[in-house]
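Please read the structure below before turning to the comments.
The residues of the chain are indexed from 1 along the displayed sequence.
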Amino acid sequence: MGRHYGMDWLRIGAFGLLIFYHIGLVFVHWGYHAKTAHPMEWVAVPLQAINAWRLPLLFVVSGYASRAIFAGDRRPADFALGRTKRLIIPLLFGVIVIVPSQPWIELSTQHGYTASFLHFWFSDYFRFEKLSGISLPSWQHLWFVGYLWFYTMVLAAGIAITPSAVRAWIADMADRALAGPLILIIPMALLIANWSYAFPGSPETHGFFDDWQVHRVYFPMLLFGFLLRGGDRVWRAIRRWWWVGGILAVASYAFIADVEIRHMGSPVPTRAIWYWFGVARAVQCWGAIVALIGIADRWLNHDHAVRPMLNEAVFPFYMIHQTIIVVVAGALLAFGLSPIIEFGIILAATVAGCWAFYRIGREIGWLRPLIGLRARKAGHTPAHSPRSA
């Protein structure tokens, strides 16, 4: 199939929403690398509106983009090599250069660490052990890039060892299995089994080896995105049932918000409530994903002059945004500002910093691969790649 501009806009919007979510973590009572001096429990209510589906959606759109890239690199080895260059190089750069200020801020503001940033970077960051409970070095928010690379390598290996006829049969069976209302029923049932039965209340660790609960969610999400690009029956099902998914997502969020409000800042009191909380999260997650894809397909499947630039800017924005949020939030603690002023400053600094990081980085040839952009060919004038990261 040709390019689906709606999926591009969905990718842009999903990563943009992540910036607001991470700013929100500064102000909520949940744990985060930088916290306001006056966290507010009620912030959890709007954050729960996107908490269940924000990361699964990112893996869906990444799987869809991976299928588009694979269409140009038909050999699995070429596909794997291209993905490695685009993901591992910026991941390593991020871990070494971009991320270190985040654990330093967390240690300095929450654990009594008194050494300077340079001392921390050169003496403590690469200790390969924990410091005040924080594992160093760290990939922080860039865990997403590491997970995406690993899932992509597994996918490439599976393509390489599976005959084309078998791959076509698997794709056809998956397409049939998710046809009609099954597009909602089967994924929701699998998510309920994972979030309510297998590991109720188990947190994400982002430590990879002990994160099997989320591997069972995020890897299938990437596979669904990969299937979606060529799944005719799946697309027909989404176009017919997206509004039902939206209603279910809103209704489930209403239950989640009610639990948050009733038990504001306190642990959920009973296992039964926690079980139904997990069920609601599963329904909200998949209902929202189907609804958002349907909305993007119906109303956003058209191009705009700024789309190529925004599509290219997503990866650099993702790389730098959390470091800006954490550093600015940590610095603001000394001024005793009100939360609304803190929020405005953090938002403005994050948008400006992300934009500067992208616009400057894209013009420097050697820096482009380090921030997730394609290397510029010799004699090539600046242009926006039509292919997603």
Sequence neighbours excluded, the answer for ring pair (Phe, Tyr, Trp, His ring centres under 6.0 Å) partners of Tyr32 is none
Does some side-chain heavy atom of Ile325 sit less than 4.5 Å from a side-chain heavy atom of His33?
-> no
Check whether any side-chain heavy atom of Phe122 lies under 4.5 Å from a side-chain heavy atom of Leu118, and answer yes or no.
-> yes
Intermediate values then yes/no, salt bridge (Lys or Arg N to Asp or Glu O under 4.0 Å), Asp124 and Arg127 = CA-CA 5 Å; Asp124 287 327; Arg127 60 170 49 208; 2.9 Å; yes
Compute the ring centroids of Tyr218 and Tyr147, then answer whether they are less than 6.0 Å apart.
-> no
N/O donor-acceptor pair under 3.5 Å between Trp286 side chain and Ile183 backbone = yes
Apply ring-ring contact (aromatic ring centres under 6.0 Å, His included) to the pair Phe15 and Phe315, showing each step before the final yes or no.
-> CA-CA 9 Å; Phe15 278 96; Phe315 200 168; 8.2 Å; no
In the single-linkage hydrophobic clustering (I, L, V, M, F, W, Y; side-chain heavy atoms under 4.5 Å), do Trp139 and Ile96 co-cluster?
-> yes
Trp42 and Phe27: CA distance, side-chain angles, deciding distance, ring-ring contact (aromatic ring centres under 6.0 Å, His included) verdict = CA-CA 9 Å; Trp42 66 265; Phe27 299 93; 9.4 Å; no
Sequence neighbours left out, what pairs pass side-chain hydrogen bond (donor to acceptor under 3.5 Å, both in side chains) with at least one residue falling in residues 330-348?
-> Thr36-Glu342
ILVMFWY cluster, Met40 and Ile345 together (side-chain gap under 4.5 Å) | yes
Exercise: identify the closest heavy-atom pair between Leu136 and Pro103 | CD2-CB, 3.8 Å
For Trp30, does its backbone N or O pair with a side-chain atom of Lys35 as donor and acceptor, under 3.5 Å?
-> yes
Check against salt bridge (Lys or Arg N to Asp or Glu O under 4.0 Å), Asp258 and Arg262 | CA-CA 6 Å; Asp258 179 69; Arg262 288 175 180 270; 2.8 Å; yes
Applying side chain to side chain contact (heavy atoms under 4.5 Å, CB included) to Ala257 and not counting sequence neighbours gives Val45, Tyr253
Which atom of Pro90 lies closest to which atom of Pro369, heavy atoms considered | CD-O, 3.6 Å
By side chain to side chain contact (heavy atoms under 4.5 Å, CB included), Trp355 pairs with (sequence neighbours left out) Met309, Phe317, Tyr358, Arg359
Would you check if the distance from the ring center of Phe150 to the ring center of Phe208 is below 6.0 Å?
-> yes
Which residues satisfy the ring pair (Phe, Tyr, Trp, His ring centres under 6.0 Å) test with Phe277, sequence neighbours excluded?
-> Trp274
Is there a side-chain contact between Leu91 and Ile88, using heavy atoms and a 4.5 Å cut-off?
-> yes
Neighbour count above 12 (heavy atom, 6.0 Å) for Trp143 CH2 = yes
Is a side-chain donor or acceptor of His304 paired with a backbone partner of Val306 at a separation under 3.5 angstrom?
-> yes
Determine, using the 4.5 Å side-chain heavy-atom cutoff (strictly less than), whether Val166 and Ile161 are members of one ILVMFWY cluster.
-> no
Audit row: Val60, Leu222, side-chain contact (heavy atoms from CB on, under 4.5 Å) steps and yes/no | CA-CA 5 Å; Val60 170; Leu222 181 116; over 6 Å; no
With a 4.5 Å heavy-atom cut-off, do Ile273 and His263 have their side chains touching?
-> yes
Mind checking side chain to side chain contact (heavy atoms under 4.5 Å, CB included) for Ile12 and listing every partner two or more places apart, or none if nothing turns up?
-> Trp9, Arg307, Leu310, Asn311, Val314
For the pair Arg229 and Met7, evaluate side-chain contact (heavy atoms from CB on, under 4.5 Å) and give the outcome as yes or no after the intermediate values.
-> CA-CA 10 Å; Arg229 184 168 172 83; Met7 295 300 291; over 6 Å; no
Nearest non-hydrogen partners of Ile105 and Val327, listed with the distance | CG1-CA, 4.2 Å
Does CD1 in Ile360 sit with more than 12 non-hydrogen atoms of other residues, nucleotides or ligands closer than 6.0 Å?
-> no
Closest non-hydrogen atoms of Leu87 and Val145, given as atom of the first, atom of the second and distance, are O-CG1, 3.5 Å
If you look at every heavy atom in Ile186 and Ala177, which pair is closest and at what distance?
-> CD1-O, 3.2 Å
In sequence, state the C-alpha distance, the side-chain angles, and the governing distance for Glu41 and Val28, and then conclude on side-chain contact (heavy atoms from CB on, under 4.5 Å).
-> CA-CA 6 Å; Glu41 294 174 348; Val28 76; over 6 Å; no
Does NE2 in His38 sit with more than 12 non-hydrogen atoms of other residues, nucleotides or ligands closer than 6.0 Å?
-> no
Under 3.5 Å donor-acceptor, Asn301 side chain and Ala296 backbone = no
Residues in side-chain hydrogen bond (donor to acceptor under 3.5 Å, both in side chains) contact with Asp172, at least two apart in sequence or another chain = Arg176, Arg233
Joint cluster assignment, Met173 & Leu228, ILVMFWY side-chain distance < 4.5 Å = no
Quick one: do Asp303 and Arg3 satisfy salt bridge (Lys or Arg N to Asp or Glu O under 4.0 Å)? Show the steps, please.
-> CA-CA 10 Å; Asp303 203 3; Arg3 189 177 197 101; over 6 Å; no
Between His4 and Trp235, is the gap from one ring center to the other below 6.0 Å?
-> yes
List for me each residue that meets side-chain hydrogen bond (donor to acceptor under 3.5 Å, both in side chains) alongside Thr205, sequence neighbours excluded, and say none if there are none.
-> Asp210, Asp211
Show your reasoning for whether side chain to side chain donor-acceptor pair (under 3.5 Å) applies to Gln322 and Gln102.
-> CA-CA 8 Å; Gln322 182 163 286; Gln102 295 185 43; 2.7 Å; yes
ILVMFWY network linking Ile324 to Leu333, side-chain heavy atoms under 4.5 angstrom = no
For residues 150-170, which residue pairs qualify under side-chain hydrogen bond (donor to acceptor under 3.5 Å, both in side chains), counting only residues two or more places apart or in two chains?
-> Tyr151-His215
Polar side-chain atom of Arg368 near backbone of Ala375 as donor-acceptor pair, under 3.5 Å | no
Among all residues two or more places apart in sequence or in another chain, which pass the ring pair (Phe, Tyr, Trp, His ring centres under 6.0 Å) test with Trp242?
-> Trp299
Which residues pass the side chain to side chain contact (heavy atoms under 4.5 Å, CB included) test with Leu223, sequence neighbours left out?
-> Leu155, Phe219
Any side-chain heavy atom of Leu178 within less than 4.5 Å of one from Pro187?
-> yes
Donor-acceptor contact below 3.5 Å, side chain Gln284 vs main chain Ala49 = yes
Ala115 backbone acceptor or donor facing Trp104 side chain under 3.5 Å = yes
Exercise: identify the closest heavy-atom pair between Ser62 and Phe144 = OG-CZ, 3.6 Å
Set of ring pair (Phe, Tyr, Trp, His ring centres under 6.0 Å) partners for His141, sequence neighbours left out | Tyr318, His321
